[in-house]
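Positions are given from 1 along the sequence. One-based numbering, in listed order, for ligands and for the atoms of each. Fair warning: this is a prediction, and the values are worked out from it, not measured in the lab.
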Amino acid sequence: MIRLKSYVLGTWHDGEGDGSPLHNPTTGAQMATTSTAGIDFAKVMAFGRDQGGPALRAMTFAARGAALKTLSKSLYEMREELIAVSIENGGTTRSDAKFDIDGATATLAAYAGYGKALGDKTFLVDGDGEQLMRSARFYGYHLKMPRPGVAVHINAFNFPSWGMCEKLACAILAGMPVVTKPATSTALLAYKVMERIVETGALPAGALQFICGSAGDMLDHVTAHDVVAFTGGSSTAKTIRSTPAIIEHNVRTNIEADSINATVLGADVERGSELYAGFVRHVVTEMTQKAGQKCTGTRRIFVPAALADGLQSDLIEQLSDIKVGNPATDGVRVGPLATKRQQEDAFAGIEKLKGGGAQVVFGSPKAEAVVDADADKGFFVGPTLLRADDVSDDSAVHAHEVFGPVSTILPYPDDDVAAHRVALGGGGLVCSLYTNDQDRVGAYVQKVGACHGRVLVVNDKTIDSTISPGMVLPSCIHGGPGRAGGGEELGGLRGLDFYSQRVAVQGDRGQLERAFGLR
Ligand code: NAP
């Protein structure tokens with residue numbers, strides 16, 4: 001049995017007691033344990049603030065970027081080992097594992113590149129300076145300085161590698177030390193990543209600490225200059241937001257939570273066209289990749305009413321070919337969900353959608369015909385397509401995220417109704433529109449854009465070069481308003497803002513510009 005450890009105060013720490021179990025979701029067998037009992041979280045936070053923070057702030061952006069580059073390269077070198085771990089503990093197929101692991105190395109590399117471009121500065125000047133009063137000498141500048149606290153990162157189970165690395169890339173480049181915590185159930189991959197990061201010696205002591213297991217009383221020790229970035233379910237998000245220390249010290253908090261992502265097929269797109277085929281391909285990818293356990297996965301498929309029957313049969317044709325089962329077996333495209341609880345939640349969620357007026361038109365959630373695995377032991381959920389022709393605005397279809405390979409077709413009569421219903425998601429991470437109609441693009445972005453963190457628009461000319469809607473790129477922001485948590489991550493250098501304090505500095509123009517390296 002593997003025993004995972006935390007990396008705190010510059011050393012590996014084995015928690016006390018039996019700890020929490022980690023399972024192989026394909027077989028249901030326990031494969032590891034981990035515990036954080038006995039960790040002194042007050043000391044962990046102080047170590048980050050007192051040792052990691054000053055060391056990172058003394059480094060230039062180029063040096064911080066070079067450290068991130070070392071991490072990216074080093075993790076890439078052990079890609080095969082990480083893929084095997086992901087398959088075993090995450091229940092991911094090889095392709096799904098690569099999505100998580102390559103996402104991590106690519107994001108680290110992207111932020112390494114931003115660091116290199118920023119060069120030998122240690123903080124950022126925000127925009128141009130401005131004359132403040134009558135004298136041309138009296139001037140004001142805005143700076144973005146690394147916050148002198150600790151960045152606490154709490155991640156969800158579905159991206160143990162990417163989730164950890166995308167957050168730490170932004171914080172480290174901004175100059176803030178990190179205390180990162182993966183979700184316990186899939187922590188083995190994050191643990192392996194952390195082991196390698198420590199081996200590289202690329203980061204100064206205290207710059208990155210790793211909590212493997214329960215958060216314990218960690219959040220009771222945050223103070224004024226710390227930040228907390230959380231990814232996970234909305235009920236946990238509520239608990240975190242209401243932590244007394246976070247309220248007491250006005251600790252900056254970023255929440256990435258649930259999202260009922262929508263995709264819309266424009267009424268101008270003909271069945272059988274290339275754009276239509278791309279739309280179908282993307283819907284299937286978003287339903288089945290990572291067994292639907294992607295916060296950006298498509299949950300609602302809006303289609304013009306006249307095309308609904310055709311789309312339904314085209315999706316069913318493609319979904320029928322998809323094999324569910326042991327993710328290590330060639331040809332299997334959908335592995336198990338990560339935990340028994342996720343499986344139970346998905347079954348319950350499908351019932352909720354049915355209660356909200358949707359009907360299952362394809363799939364049997366309790367996937368009996370699994371390849372190379374025992375359906376009674378593994379945590380499998382079969383791809384399930386629902387359809388909701390006429391549901392009320394308060395239907396669960398618009399409000400409940402089923403975190404699995406599950407999506408609902410929603411036929412719409414016209415663009416206004418489609419946009420209205422897309423917005424019923426209450427704030428989402430991403431919505432997409434497939435159309436060649438110029439007017440439709442403008443109207444759609446205007447109506448639903450601000451209800452989302454990201455909008456993907458696809459036409460004939462981009463269908464071969466675009467990403468599928470669920471892919472998150474380091475150069476564009478990830479996050480969304482309302483239900484999605486109200487947070488924002490990544491977005492190139494925008495990702496550093498959360499870890500930076502904007503400060504207006506007023507004074508003699510020449511003196512300030514010399515101090516900031518502007519002349
Ligand atoms: P979760 O149960 O909310 O757990 C998320 C993280 O919070 C885990 O690391 C968990 O640790 C930790 N946690 C739980 N209770 C805590 C507490 N009281 N104090 C501090 N930390 C605590 O979510 P999940 O099941 O891992 O993830 C699924 C959800 O995440 C889905 O709803 C999905 O939509 C959402 N998600 C959102 C995004 C996004 O970017 N918006 C991305 C991925 C997932 P333990 O595992 O140790 O309990």
Side-chain angles (χ1 to χ4, degrees), residues 4 6 15 19-23 33-37 41 89-90 99-100 103 152-164 166-167 179-188 190-191 210-222 228-246 253-261 290-299 337-346 349 379 400-404 406 425 427-430 452-454 470-472 477-490:
L4 310 187
S6 295
S20 308
L22 282 75
H23 294 96
T33 61
T34 191
S35 163
T36 58
F41 284 101
N89 182 215
F99 193 68
D100 184 17
V152 176
H153 291 167
I154 299 174
N155 282 306
F157 73 84
N158 57 339
F159 283 102
S161 170
W162 176 83
M164 178 162 105
E166 61 95 12
K167 280 187 174 62
V179 176
T180 187
K181 180 198 136 31
T184 302
S185 57
T186 55
L188 182 55
Y191 174 70
F210 177 75
I211 305 300
C212 199
S214 161
D217 67 354
M218 174 168 69
L219 293 178
D220 294 341
H221 303 285
V222 293
V228 176
F230 166 82
T231 297
S234 47
S235 65
T236 316
K238 257 184 226 161
T239 307
I240 285 175
R241 272 192 214 283
S242 46
T243 305
I246 289 183
T253 304
N254 193 75
I255 304 285
E256 303 283 348
D258 316 349
S259 179
I260 327 279
N261 307 298
K290 296 213 89 226
Q293 299 165 107
K294 280 193 328 192
C295 51
T296 49
T298 300
R299 308 295 172 199
L337 299 199
T339 64
K340 181 87 189 147
R341 204 191 110 198
Q342 288 299 321
Q343 184 197 38
E344 287 165 0
D345 283 355
F379 312 141
H400 187 73
E401 177 200 52
V402 181
F403 212 55
V406 180
L429 296 172
V430 57
H452 296 85
R454 183 162 61 87
M471 176 169 263
V472 171
I477 60 161
H478 171 61
R483 180 192 306 280
E488 190 176 292
E489 290 180 337
L490 299 170

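- Remark: among candidates Thr180, Val402, Leu219, Thr239, the nearest residue to atom 18 (N) of ligand 1 is Thr239, based on non-hydrogen atoms.
- Heavy-atom minimum distance, Phe403 versus Gln293: CZ-C, 3.6 Å.
- Taking distance alone, with nitrogen or oxygen atoms compared against 3.5 Å, Asp258 approaches ligand 1 more closely than that limit.
- Nearest non-hydrogen protein atom to atom 46 (O) of ligand 1 is Thr184 N, 2.8 Å.
- Residue contact check: Pro182 has heavy atoms under 4.0 Å from atoms 9 (O) of ligand 1.
- One finds the CZ atom of Arg454 at 6.5 Å from the OG1 atom of Thr296 (value rounded to the nearest 0.5 Å).
- Between Phe230 and ligand 1 there is a heavy-atom distance shorter than 4.0 Å.
- If you check which protein heavy atom lies closest to atom 31 (C) of ligand 1, you get Glu401 OE1, 3.6 Å.
- The salt bridge (charged side-chain N to carboxylate O under 4.0 Å, His left out) test applied to Lys167 returns Glu489, not counting sequence neighbours.
- The protein heavy-atom contact nearest to atom 28 (C) of ligand 1 is Phe157 CE2, 3.6 Å.
- Put simply, no part of Ala237 is less than 4.0 Å from ligand 1, judged by heavy atoms.
- For atom 48 (O) of ligand 1, the nearest protein heavy atom lies 4.0 Å or farther away.
- Ligand 1 has a nitrogen or oxygen under 3.5 angstrom from a nitrogen or oxygen of Lys181.
- Residue-ligand proximity: Gly485 is placed with every non-hydrogen atom at 4.0 Å or more from ligand 1.
- At least one heavy atom of Gln342 sits less than 4.0 Å from an atom of ligand 1.
- Distance check: Leu4 CG to Asn89 CG gives 8.0 Å after rounding to the nearest 0.5 Å.
- Summarising the geometry, atom OG belonging to Ser185 is positioned 11.0 Å from atom CG belonging to Leu337; distances are rounded to the nearest 0.5 Å.
- At a threshold of 4.5 Å between non-hydrogen side-chain atoms, the residues Leu429 and Glu256 count as touching.
- Taken from OG1 in Thr298 to CD1 in Ile260, the straight-line distance is 12.0 Å, to the nearest 0.5 Å.
- Contact of the Phe230 side chain with the His153 side chain is not registered, since no non-hydrogen atoms from C-beta on lie closer than 4.5 Å.
- At the shortest separation from atom 4 (O) of ligand 1 among protein heavy atoms lies Thr236 OG1, 4.4 Å.
- Heavy-atom separations between Arg341 and ligand 1 are all 4.0 Å or longer.
- For Ser259, no heavy-atom contact with ligand 1 is shorter than 4.0 Å.
- Proximity annotation for atom 44 (C) of ligand 1: of Ile211, Asn158, Asn155, Asn158 comes nearest, heavy atoms only.
- Distance check: His221 NE2 to Thr243 OG1 gives 11.5 Å after rounding to the nearest 0.5 Å.
- Rounded to the nearest 0.5 Å, atoms NZ (Lys181) and CG (Asn155) are 9.0 Å apart.
- At the top of the distance list for atom 40 (O) of ligand 1, counting protein heavy atoms only, stands His478 NE2, 2.7 Å.
- From the protein, the heavy atom lying nearest to atom 38 (C) of ligand 1 is Cys295 CB, 3.0 Å.
- Under 4.0 angstrom from ligand 1, the non-hydrogen atoms of Ile154 all belong to its side chain.
- Between Ile246 and Thr253, the closest side-chain pair of non-hydrogen atoms falls below 4.5 Å.
- Comparing heavy-atom distances from atom 35 (C) of ligand 1 across Ala156, Gly232, Ala183, Ser234 singles out Gly232 as nearest.
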